[in-house]
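Right, one structure below, let's go through it.
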Protein chains: 2
Amino acid sequence: MPNELHHELAPVDRAILRVLRDNARTPNKAVAEAVGIAPSTCLTRIRSLCERGVIRGFHTDVDPGALGLGVQAMIAVRLHSHAPRHVAAFVKGAPDLPGVLSVFHVAGPDDYLLHVAAADTAALRDFVLEHLTAHPAVQQARTSLIFGQVRGAAAGAAG
Amino acid sequence: MPNELHHELAPVDRAILRVLRDNARTPNKAVAEAVGIAPSTCLTRIRSLCERGVIRGFHTDVDPGALGLGVQAMIAVRLHSHAPRHVAAFVKGAPDLPGVLSVFHVAGPDDYLLHVAAADTAALRDFVLEHLTAHPAVQQARTSLIFGQVRGAAAGAAG
DNA sequence: GCTGAAAATAGTTAGTA
DNA sequence: TACTAACTATTTTCAGC
């Protein structure tokens with residue numbers, strides 16, 4: 001997470017972000033009204049926020065179950081400290097593995113946390129065996145089934 | 001995650017979701033063009049997807065660093081199996097704790113994973129001490145600093 | 001950098017097959 | 001259910017402050 005805070009965020013910008021965080025499809029005009037500035041000004045600010053990297057994207061939250069992905073899991077992955085080549089390959093490829101929602105690089109005994117979705121527990125098992133256990137960089141993979149997930153109040157920054 | 005799949009998702013709907021997943025602010029007209037249907041039809045389908053709960057929301061991905069939240073952590077929380085009253089209270093309040101991005105209810109030795117953001121490591125420590133360690137329902141809290149996070153290719157469903 | 005109005009573009013509804 | 005077309009609203013640009 002490369003983070004250069006060139007200058008503090010203006011209160012107006014914070015207000016804009018608060019609105020867009022909860023509904024990214026809020027029309028520009030409505031955002032402008034909510035924060036008390038002209039639509040044209042609001043548009044300029046939103047663009048600026050995007051260009052400065054404060055806004056990293058607008059995403060639609062889709063129910064994975066509707067896409068046939070009925071189960072989710074958090075998988076703690078420990079890598080071999082040797083074989084840096086393999087490790088680099090794994091890290092590069094992990095986000096593109098099928099069903100991977102997010103990859104967290106963490107401190108501590110585990111190196112990575114993979115948040116994944118799969119059709120069912122059988123598919124989840126296959127995912128772990130095929131893409132994790134079998135990978136030369138992976139030393140250990142501990143899978144925790146996710147019963148449920150709730151977005152926090154601070155979500156949006158950054159889910 | 002309550003998931004009733006009444007009927008399979010139409011290919012058009014899947015196409016619409018693919019477009020909106022990567023950019024939730026894509027104008028309806030552009031979505032319609034991309035998937036090859038009329039704007040009015042597209043609007044109807046998107047609304048239907050929202051009503052059926054397939055689309056759960058449109059969120060803006062904000063750089064937490066820009067908001068003064070410089071560090072993130074994944075905290076594994078183990079609760080006391082007794083004292084169900086306290087447990088219920090904790091679970092209910094957890095998403096609203098300051099800086100909480102997401103709460104995962106997981107199977108296994110740990111009960112919950114809290115994805116949190118804080119201003120700095122001192123603030124993170126205070127968060128753990130004040131809201132977790134001190135809580136009567138919490139038996140143990142293991143904090144793992146997050147070095148970095150990458151969205152997976154399947155993200156959007158559901159991050 | 002903000003505003004406000006004009007021009008361009010998009011969202012929405014109604015009517016029809 | 002999807003389309004065309006008319007209507008309404010919004011986005012976006014730009015000259016002036």
Side-chain angles (χ1 to χ4, degrees), chain A residues 3-69 156-159, chain B residues 3-68 156-158:
Chain A
N3 257 334
E4 305 233 352
L5 273 187
H6 301 290
H7 34 70
E8 251 313 313
L9 213 52
V12 199
D13 287 331
R14 286 177 173 269
I16 291 172
L17 292 176
R18 259 195 306 277
V19 175
L20 287 180
R21 177 182 301 178
D22 291 331
N23 183 3
R25 273 180 94 79
T26 309
N28 177 60
K29 191 191 178 187
V31 179
E33 255 177 40
V35 307
I37 55 177
S40 52
T41 309
C42 190
L43 192 68
T44 309
R45 298 207 89 105
I46 293 177
R47 282 198 185 143
S48 166
L49 288 167
C50 288
E51 279 164 15
R52 283 185 284 159
V54 175
I55 291 177
R56 300 194 289 201
F58 302 99
H59 301 293
T60 301
D61 183 11
V62 179
D63 180 357
L67 297 172
L69 301 171
Chain B
N3 256 333
E4 306 232 351
L5 273 186
H6 302 289
H7 34 70
E8 251 310 316
L9 212 53
V12 198
D13 287 330
R14 286 176 174 269
I16 290 172
L17 292 175
R18 258 196 307 278
V19 175
L20 287 179
R21 178 182 301 180
D22 292 331
N23 183 3
R25 272 180 93 82
T26 309
N28 177 60
K29 191 190 177 187
V31 179
E33 257 178 37
V35 307
I37 56 176
S40 54
T41 308
C42 191
L43 193 68
T44 308
R45 297 208 90 106
I46 293 177
R47 280 199 186 143
S48 166
L49 287 167
C50 288
E51 278 164 17
R52 283 186 284 160
V54 175
I55 291 176
R56 300 194 289 201
F58 302 100
H59 301 294
T60 300
D61 183 13
V62 179
D63 180 357
L67 296 172

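Numbered from 1 within each chain, the chains take letters A, B, ... in sequence-line order.
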For [N], take OP1 and OP2 only and decide whether either is under 4.0 Å from a side-chain N or O of [X].
X	N	value
A:R47	D:dT13	yes
B:R45	D:dT1	no
A:S40	C:dT3	no

Discussion item. Base, sugar-phosphate or nothing for A:A38? Non-hydrogen atoms, less than 4.0 Å.
Written reply: sugar-phosphate

Discussion item. Applying a 4.0 Å non-hydrogen cut-off, can you work out what B:R25 is touching in the nucleic acid: base, sugar-phosphate, or nothing?
Written reply: nothing

Can you tell me the distance, in whole Å, between the [atom1] atom of [X] and the [atom2] atom of [N]?
X	N	atom1	atom2	value
B:N28	D:dC3	CG	C1'	14 Å
A:I37	C:dC2	CD1	P	7 Å
B:I46	D:dA2	CD1	C1'	15 Å
A:K29	D:dT11	NZ	P	8 Å

Discussion item. Checking side-chain polar atoms at under 3.5 Å, does B:R45 have a donor or acceptor matched by the opposite partner on B:T41?
Written reply: no

Response to the item:
Separation between OG1 (A:T60) and NE2 (B:H59), nearest 0.5 Å, reads 9.0 Å

Item to complete: Give, for atom CD1 of A:I37 and atom CD1 of A:I16, the distance between the pair rounded to the nearest 0.5 Å.
Response: 4.5 Å

Discussion item. Quick check for you: among D:dT12, C:dT12, C:dC2, whose closest atom lies nearest to any side-chain atom of A:P39?
Written reply: D:dT12

Discussion item. By nearest atom, which of the nucleotides C:dG11, D:dT10, D:dT12 is closest to the B:P27 side chain?
Written reply: C:dG11

Discussion item. Keeping A:R25 on the side-chain end and B:T26 on the backbone end, is there a donor-acceptor pair under 3.5 Å?
Written reply: yes

